[in-house]
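Worksheet: the structure to be examined is printed underneath.
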Amino acid sequence: MVDKTLELFECGHRACGGCGASSAVRMILKGAGEDTIVVSPTGCLEVFSTPYPETAWKVPWIHSLFENASAVASGIEASLKRQGRKEKVVVIGGDGATVDIGMLCLSGAFERNHDITYICYDNEAYMNTGIQRSGATPFDASTTTSPAGSCSMGNKHQKKDIPAILAAHGAPYVATATMAYPTDLMKKVETAVNTPGACYIQVHAPCCTGWGFDGSKTIEVGKLAVETGLWVNYEMIDGVVKKAKKVKRKPVEDYLSVQKRFRHLFKPQKNDEEIAKVQAIADRNAEKFGIDL
Amino acid sequence: MPLNIGCTARPGKSRDNRTGSWRVFYPVFVKDKCTGCGICTLICPEGCIEVKGEKEYVPDLNYCKGCGLCAEECPGDAIMMEKEEK
């Protein structure tokens with residue numbers, strides 16, 4: 001059972017007000033429990049939680065480099081196993097460190113099937129360094145390296161499907177969750193840390209600064225992503241999708257119009273052609289995972 | 001390689017950094033409307049809402065950044081955001 005009163009992430013960290021990631025991390029630690037060793041690659045989380053000489057963590061925590069969090073976690077897990085210890089090793093990293101820069105080490109750790117849980121808080125760009133696009137940035141989002149303008153409609157690439165890539169490595173448990181549904185997230189983390197082998201969870205974590213919405217709307221935006229079908233909450237056990245969250249789908253406009261990163265789709269005039277392309281992505285998700293009620 | 005004291009930090013030492021000074025609005029909890037669901041303390045990005053008893057949730061204003069996420073999500077509308085006067 002998840003202990004909701006367990007507090008392992010202390011106040012005083014420097015995340016923006018309304019940060020989806022810091023809220024997600026609190027829930028993740030509640031799900032993982034006290035006997036956890038956390039590894040973080042470089043990213044917003046690392047920077048806001050541990051400005052020297054302070055730390056918000058109340059569990060052992062290590063940061064080495066941007067690209068090698070999975071390798072560090074693999075080493076810790078191997079050492080604990082040799083010593084006969086039972087602590088859980090959890091990596092909490094951003095989407096840049098997961099889908100782009102740490103991809104090599106991540107693939108290696110999953111190939112060797114270390115008993116670790118890799119959790120990616122997905123805020124869909126490199127927020128820490130100033131909102132550059134990453135492999136997890138959704139189609140048509142405007143970032144500082146994929147700016148929307150007269151010749152561009154923002155990011156022209158599709159979001160990389162990391163859960164499927166890691167499931168193809170033979171991961172026993174792969175799941176997606178969102179910080180907008182705390183109970184679901186905590187339960188999935190608990191399942192992952194208690195599943196032997198390399199497990200992966202991707203957590204949708206809206207970023208008020210990078211996406212351009214008010215800090216009080218973080219959960220609302222997170223829920224809209226699920227309700228429009230642009231984010232699907234599912235569990236994959238031994239590579240087979242089980243339990244995808246079913247929704248009565250809303251049009252994607254509801255999700256896009258509340259964020260400044262999609263502002264160019266509505267101003268100066270509404271771009272129905274581009275919105276239809278985003279809607280097509282949601283429709284594909286709905287068909288693939290069977291989420292329509 | 002032995003780790004120097006200087007390389008490590010006491011757990012939770014970020015409490016030294018009082019982020020409450022960032023705040024523009026502060027939350028006011030209305031006990032009469034509270035349903036006691038506890039969603040505010042669960043979702044708070046700071047983790048600064050303490051449970052003092054049944055339907056008694058107290059934000060630590062030394063750390064609350066005033067994002068208003070609790071007020072927005074409260075199912076009983078029991079949290080109001082008031083402008084800070086400095």
Side-chain angles (χ1 to χ4, degrees), chain A residues 2-27 29-31 34 38 48-63 179-183 185-186 205-209 213-223, chain B residues 1 3-27 36-54 57-75 77 79-82 84:
Chain A
V2 174
D3 179 9
K4 285 188 186 175
T5 59
L6 190 66
E7 204 53 73
L8 298 170
F9 198 68
E10 195 54 272
C11 309
H13 58 73
R14 287 157 170 81
C16 308
C19 174
S22 69
S23 192
V25 166
R26 286 187 61 233
M27 296 164 195
L29 290 177
K30 285 177 205 286
E34 271 175 317
V38 177
F48 77 63
S49 69
T50 58
Y52 183 78
E54 292 165 12
T55 176
W57 300 85
K58 294 206 273 190
V59 290
W61 179 89
I62 181 171
H63 161 254
M179 56 73 67
Y181 296 107
T183 322
L185 169 57
M186 292 188 291
C207 169
C208 46
T209 310
F213 59 85
D214 189 73
S216 62
K217 308 278 182 201
T218 307
I219 292 208
E220 194 183 309
V221 171
K223 281 186 179 160
Chain B
M1 187 190 78
L3 262 184
N4 288 323
I5 287 281
C7 298
T8 56
R10 185 164 48 77
K13 199 174 183 298
S14 59
R15 278 195 94 84
D16 290 0
N17 181 40
R18 303 208 160 182
T19 47
S21 60
W22 300 13
R23 196 171 54 241
V24 179
F25 292 89
Y26 67 99
C37 66
I39 193 91
C40 52
T41 172
L42 185 61
I43 60 166
C44 173
E46 299 315 303
C48 69
I49 303 174
E50 211 181 320
V51 189
K52 296 259 187 192
E54 201 193 339
Y57 297 95
V58 183
D60 188 341
L61 294 181
N62 287 320
Y63 300 101
C64 172
K65 290 168 187 162
C67 66
L69 191 58
C70 53
E72 188 73 25
E73 290 305 313
C74 178
D77 288 331
I79 307 171
M80 314 289 157
M81 296 305 287
E82 305 265 342
E84 193 84 47

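Quick note on labels: first sequence line is chain A, next is B, and so on, each numbered from 1. Note that the structure is predicted; figures quoted are calculated from it, not measured.
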Q | Most contacts with chain A, counted as non-hydrogen pairs under 4.5 angstrom, among Arg10(B), Arg15(B), Met81(B) | A | Arg15(B)
Q. Which word best sums up how the rings of Phe9(A) and His13(A) line up, parallel for under 30°, tilted for 30 to 60°, or perpendicular for over 60°?
A. tilted
Q. Counting heavy-atom pairs under 4.5 Å to chain A, which of Pro11(B), Cys48(B), Cys67(B) comes out on top?
A. Cys67(B)
Q. Between SG of Cys19(A) and CZ of Phe48(A), what distance do you get to the nearest 0.5 Å?
A. 4.5 Å
Q. Does Lys217(A) pair with Asp214(A) as a salt bridge, N-O distance under 4.0 Å?
A. no
Q.
Out of Ala71(B), Gly47(B), Cys64(B), return the one with the most heavy atom pairs under 4.5 angstrom to chain A.
A. Gly47(B)
Q: Determine the option with the most heavy-atom pairs under 4.5 angstrom with chain A, choosing from Asp60(B), Asp16(B), Asn62(B), Ile43(B).
A: Ile43(B)
Q. Charged N to carboxylate O under 4.0 angstrom, Arg26(A) versus Glu46(B)?
A. no
**Q.** Which atoms of Lys13(B) approach chain A - backbone, side chain, both or neither, heavy atom under 4.5 Å
**A.** both
Q: Among the options Gly20(A), Gly17(A), Ser216(A), pick out the one with the most heavy-atom pairs lying under 4.5 Å from chain B.
A: Ser216(A)
Q.
Can you tell me if Glu34(A) has over 12 outside heavy atoms packed within less than 6.0 Å of its CD?
A. no
